[in-house]
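Scroll down for the structure; my scribbles are underneath it.
A note on names: the letters A, B, ... follow the listed sequences, proteins ahead of strands, and every chain is numbered from 1. Note that the coordinates shown come from a computational prediction; the quantities given were computed from them, not determined experimentally.
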Protein chains: 4
Amino acid sequence: MQLTIGGAGGAPPRRSLASDARRGQIITAAIEVLAEHGYAQSTFARIKRKAGISSTRLISYHFGTKDELMDAVLADAAGSMQAAIAERTRSEKTAAGMLDARIEAELEWIAGHLSAVRAMYEVCMNARSEDGTLRFGVEATAQANVGQLEPILRAGQRSGEFRAFDTVLMALTLKAAVDAAIARMTCPPRLSLAECVRELTTLARLATRRGPDADRDRR
Amino acid sequence: MQLTIGGAGGAPPRRSLASDARRGQIITAAIEVLAEHGYAQSTFARIKRKAGISSTRLISYHFGTKDELMDAVLADAAGSMQAAIAERTRSEKTAAGMLDARIEAELEWIAGHLSAVRAMYEVCMNARSEDGTLRFGVEATAQANVGQLEPILRAGQRSGEFRAFDTVLMALTLKAAVDAAIARMTCPPRLSLAECVRELTTLARLATRRGPDADRDRR
Amino acid sequence: MQLTIGGAGGAPPRRSLASDARRGQIITAAIEVLAEHGYAQSTFARIKRKAGISSTRLISYHFGTKDELMDAVLADAAGSMQAAIAERTRSEKTAAGMLDARIEAELEWIAGHLSAVRAMYEVCMNARSEDGTLRFGVEATAQANVGQLEPILRAGQRSGEFRAFDTVLMALTLKAAVDAAIARMTCPPRLSLAECVRELTTLARLATRRGPDADRDRR
Amino acid sequence: MQLTIGGAGGAPPRRSLASDARRGQIITAAIEVLAEHGYAQSTFARIKRKAGISSTRLISYHFGTKDELMDAVLADAAGSMQAAIAERTRSEKTAAGMLDARIEAELEWIAGHLSAVRAMYEVCMNARSEDGTLRFGVEATAQANVGQLEPILRAGQRSGEFRAFDTVLMALTLKAAVDAAIARMTCPPRLSLAECVRELTTLARLATRRGPDADRDRR
DNA sequence: CATGAATGAGCGTTCATTCAT
DNA sequence: CATGAATGAACGCTCATTCAT
């Protein structure tokens with residue numbers, strides 16, 4: 001989700017201690033509202049109420065426009081997720097190891113930040129420019145996701161750890177699988193985080209590793 | 001929220017020949033608008049324009065409320081997709097065969113109905129009831145998808161074709177993989193439909209089939 | 001409430017057996033809706049539902065416009081009330097006797113036709129012409145009410161039964177007192193019909209009769 | 001129906017000097033429109049025009065919803081009427097004196113505030129909650145009126161000034177008589193305010209006072 | 001006698017935003 | 001740093017009515 005906006009940027013007031021606290025308070029409220037009510041219903045009025053502030057004016061004061069607030073939400077959530085994942089994959093050397101570590105780290109972060117995940121989702125799928133195009137469109141989102149995973153897959157193919165496959169589609173699939181696991185962990189006939197990690201790492205290995213079964217199927 | 005009334009004020013007039021044509025015309029326009037502009041921007045005014053009709057009143061005349069229109073869009077699109085898939089999987093006998101046929105049929109339908117897919121997506125992820133809950137929530141959507149796929153996976157496990165895995169998560173993953181392939185087929189470094197089918201059926205086989213490699217990994 | 005429209009008149013279809021039944025069915029439904037929901041909310045849609053018919057078109061077919069329907073409601077209710085009262089006062093000869101009989105008859109009819117009373121009320125107080133003036137305005141309503149009562153009062157003054165007072169204001173007051181008794185009979189700390197009759201006839205006697213007390217107060 | 005929100009979307013901004021002026025301006029306009037056109041036709045658009053403001057948005061900004069505006073109208077009018085009456089009755093000691101003073105004061109206020117009276121009337125008889133029940137129903141209105149008058153009547157009975165009668169019905173009747181006098185003062189064959197006061201106080205005395213005539217009639 | 005299709009006008013409400021302090 | 005006042009545009013929806021059969 002790598003955004004150029006990153007951590008810095010937004011509205012007129014450029015940094016101060018109290019200002020940062022306010023911004024954080026509003027972002028947190030916005031994330032909860034996004035997760036609960038979806039993008040379209042995430043109005044300034046609702047965010048104001050959730051944040052316990054007195055006027056929507058305070059939001060536009062700190063973030064300027066709604067788009068900028070959403071940018072900030074996205075940057076905040078995506079940044080913290082990437083940081084968590086990066087820390088866990090740093091020590092891995094093999095492509096297979098990095099892949100497993102990524103899956104485990106991402107699942108763990110997701111399980112612990114369901115609202116933030118949902119919020120990122122809502123923003124990416126709904127935020128649009130004036131011309132109607134998605135501001136963080138399918139392409140952008142796909143590329144962001146792929147950007148992290150595909151280099152690992154390519155490295156694995158070069159090193160001979162992985163079989164031949166389309167690395168872009170595989171990256172998309174693995175990302176989608178991790179996202180799908182959210183539903184598996186949260187909806188009624190639940191699976192535990194640990195079980196999901198085991199299932200998905202197994203699946204990833206079977207899907208990517210070079211092996212007799214895989215070899216036979218490819219021509 | 002008022003119950004549907006009818007006459008002066010709203011309910012769907014009981015089907016007639018001319019009425020069905022109008023409904024179809026409006027549904028088609030709604031699908032296109034949903035795909036282009038997203039749920040929140042799919043206003044009656046935009047749909048009116050796209051359908052080339054003279055008044056938004058005509059929409060509420062035929063569908064009552066916006067929710068009912070969206071229901072009709074969803075029923076229309078989902079129905080035609082399921083019909084297409086059902087026809088293609090009917091002849092298959094083995095679980096593996098049915099799985100492959102499903103993936104191929106679904107990918108083909110998707111590739112030929114991108115707007116409808118996007119529209120279904122927008123409705124499912126955004127349509128909410130008065131109380132704020134998703135009308136076709138993650139659970140409902142997940143269950144619908146899982147409902148089609150999981151019985152096949154379970155049958156395959158019983159028949160010994162498939163290895164042991166969580167059938168629900170696998171169903172979710174395979175569905176997510178198919179959806180992810182949309183991006184692979186449409187965004188710049190494109191893959192053809194045939195290539196996607198081959199990649200995904202291969203992936204599905206590796207992930208589900210009982211085999212030496214899979215056996216070794218499971219304890 | 002003497003209306004020129006009376007029992008005859010209305011929309012295009014001029015009398016038939018089935019048509020009259022339909023008209024009656026719709027009028028009855030309209031009265032109930034008026035009593036329950038008030039004039040503004042007495043829409044064709046609601047009346048349609050209450051009458052159990054399939055389309056609002058049926059209403060406009062039989063009555064033309066909403067105003068004409070309301071005229072018919074008023075004529076129906078007012079006519080039946082006047083008829084009931086007239087029958088009871090016919091046998092009285094003295095002004096005092098006619099006054100008491102009127103009060104008793106009107107209170108009885110009201111107690112037995114609360115919905116119709118309420119409906120008449122709603123129509124008279126709310127039905128307006130295009131120019132914004134009340135179609136059965138305060139004047140018209142007042143005159144209708146006064147028209148029945150005032151001649152009796154004047155006769156009583158001429159015959160020496162009644163003291164001197166403004167007959168118009170007295171007529172308005174007595175009518176208002178009877179209407180006020182509705183609340184006394186229907187709201188929680190209820191009074192019975194018989195008690196109301198006794199209280200109001202007593203009050204009317206005291207207010208109208210020539211007597212030592214009254215004489216002393218007038219100069 | 002949404003709770004009041006505020007900021008972007010509606011709640012009454014907490015009183016300020018300029019704000020109160022605007023509120024007063026809008027309330028005055030609303031009263032005039034209610035008196036002229038009735039409740040159903042008292043739209044924001046009409047009130048805007050009458051108040052000479054540029055947008056209906058200004059109304060919802062200051063009052064939130066239409067119901068809240070109507071509440072404010074009612075509170076404003078009823079408050080000023082009660083204040084006027086209270087001031088005039090304060091000095092009276094006997095029940096009969098208080099009753100006469102009330103009638104005179106109320107008639108005077110009414111004669112000077114016909115629009116406000118009509119507006120209160122329109123709001124009470126027409127404002128309804130979501131469930132269709134009158135927000136200031138017959139019961140509530142009756143009780144409010146009765147609440148002022150009945151204690152006086154009861155006190156008069158205890159002190160022996162008044163005869164025995166149902167105090168609630170008498171209160172309702174006297175209130176209705178005063179309201180009826182509006183028509184007498186405004187419709188063509190007019191009576192002056194002073195004449196109405198004399199007629200009604202006489203009537204009230206005859207109806208309530210203990211006396212030979214009254215005694216004879218009661219058993 | 002009854003119905004279906006269509007319609008233009010208007011409703012109250014909500015939206016994010018801007019101009020002032 | 002924060003707030004109050006104001007605003008134009010758009011929303012979905014409901015209204016009674018009319019033109020066809």
Side-chain angles (χ1 to χ4, degrees), chain A residues 12-13 16-19 21-22 40-41 43-46 53-67 69, chain B residues 1-2 5-10 13-19 22 40-46 53-67 69, chain C residues 12-13 16-19 21-22 40-41 43-46 53-67 69, chain D residues 1-2 4-10 13-19 21-22 40-46 53-67 69:
Chain A
S16 104
L17 295 86
S19 178
R22 268 273 184 268
Q41 308 299 334
T43 65
F44 277 20
R46 240 186 268 267
I53 56 184
S54 65
S55 159
T56 65
R57 188 64 187 75
L58 200 52
I59 303 175
S60 59
Y61 174 67
H62 280 285
F63 293 93
T65 71
K66 191 176 184 179
D67 281 353
L69 169 59
Chain B
M1 185 154 291
Q2 294 288 90
I5 328 186
R14 294 281 163 235
R15 300 301 147 77
S16 89
L17 297 88
S19 180
R22 268 272 184 266
Q41 308 299 335
S42 293
T43 66
F44 277 19
R46 242 186 268 265
I53 56 183
S54 65
S55 160
T56 65
R57 185 62 186 80
L58 199 52
I59 304 175
S60 54
Y61 172 66
H62 281 285
F63 293 93
T65 70
K66 192 176 184 180
D67 280 354
L69 169 60
Chain C
S16 103
L17 295 86
S19 178
R22 266 274 184 265
Q41 308 300 333
T43 64
F44 277 20
R46 241 186 267 266
I53 55 183
S54 66
S55 160
T56 65
R57 189 63 188 75
L58 200 51
I59 303 175
S60 57
Y61 174 67
H62 281 285
F63 293 93
T65 71
K66 191 175 183 179
D67 281 353
L69 169 60
Chain D
M1 188 154 287
Q2 293 290 89
T4 26
I5 329 185
R14 292 284 161 234
R15 301 302 146 78
S16 91
L17 298 88
S19 180
R22 268 272 185 266
Q41 308 299 334
S42 294
T43 65
F44 277 18
R46 242 186 268 265
I53 55 183
S54 65
S55 159
T56 66
R57 185 63 185 82
L58 199 52
I59 304 175
S60 55
Y61 171 67
H62 281 286
F63 293 93
T65 69
K66 192 176 185 179
D67 280 354
L69 170 60

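- Of the two residues near DNA chain E, B/Leu58 and D/Ala40, the one whose nearest nucleotide lies more 5' is B/Leu58.
- Rounded to whole Å, the distance from CZ on B/Arg46 to P on F/dA9 is 16 Å.
- Atom CD1 in B/Ile59 sits about 11 Å away from atom P in F/dC11, given to the nearest Å.
- Nucleotide F/dG4 holds its P atom 12 Å from the CD1 atom of A/Ile53, rounded to whole Å.
- E/dC1 and F/dA20 have their P atoms separated by 22 Å, given to the nearest Å.
- From B/Phe63, atom CZ reaches atom CG of B/Leu58 across 9.5 Å, with rounding to the nearest 0.5 Å.
- In this structure, of F/dC13, F/dT3, E/dA6, it is F/dC13 that holds the atom nearest to the side chain of B/Phe44.
- Among the nucleotides F/dG12, F/dA5, F/dT18, the one closest to any side-chain atom of D/Ser19 is F/dA5.
- Atoms CD (A/Gln41) and C1' (E/dT14) sit 11 Å apart, rounded to a whole Å.
- Residue-to-nucleotide proximity on DNA chain E shows that, of B/Ser54 and D/Lys66, the 5′-proximal contact is made by B/Ser54.
- Toward the 5′ end of DNA chain F lies the nearest nucleotide of D/Thr56, the other residue of the pair B/Ser42 and D/Thr56 mapping further downstream.
- Residues forming a side-chain contact (heavy atoms from CB on, under 4.5 Å) with D/Ser55 (at least two apart in sequence, or on another chain): D/Arg57.
- Rounded to whole Å, atom P of F/dG12 lies 10 Å from atom CG of B/Leu69.
- Nearest nucleotide to the side chain of D/Tyr61, out of E/dG4, F/dG4, F/dC13: F/dG4.
- D/Arg22 contributes atom CZ, which lies 10.5 Å from atom CD1 of D/Ile59 (distance to the nearest 0.5 angstrom).
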When Watson-Crick pairs (N1 to N3 and N6-O4 or O6-N4) and G-U wobble pairs (N1-O2 and O6-N3) count only below 3.5 Å on both distances, what is the dot-bracket string of DNA chain E, with | for other-strand pairs? .||||||||||||||||||||
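- Between the NE2 atom of B/His62 and the C1' atom of E/dG4 there is a distance of 9 Å, rounded to whole Å.
- Expressed to the nearest 0.5 Å, how far NE2 of D/His62 lies from CD1 of D/Ile53 amounts to 8.0 Å.
- In this structure, the side-chain contact (heavy atoms from CB on, under 4.5 Å) partners of D/Ala45, at least two apart in sequence or on a different chain, are D/Thr43, D/Arg49.
- Listed nucleotides F/dA2, E/dC15, E/dA5 differ in distance to C/Arg57; the shortest reach to its side chain belongs to E/dA5.
- For the pair B/Phe63 CZ and F/dG12 P, the computed distance is 15 Å after rounding to whole Å.
- Side-chain proximity of D/Ser55 to the nucleotides E/dT17, F/dG8, E/dT14 is greatest for F/dG8.
- Nucleotide E/dT3 holds its C1' atom 12 Å from the CZ atom of C/Arg22, rounded to whole Å.
- Out of F/dG12, F/dT3, E/dA2, the shortest distance to the side chain of B/Thr43 is found at F/dG12.
- Closest approach of A/Thr65 and A/Phe44 over heavy atoms only: C-CZ, 4.3 Å.
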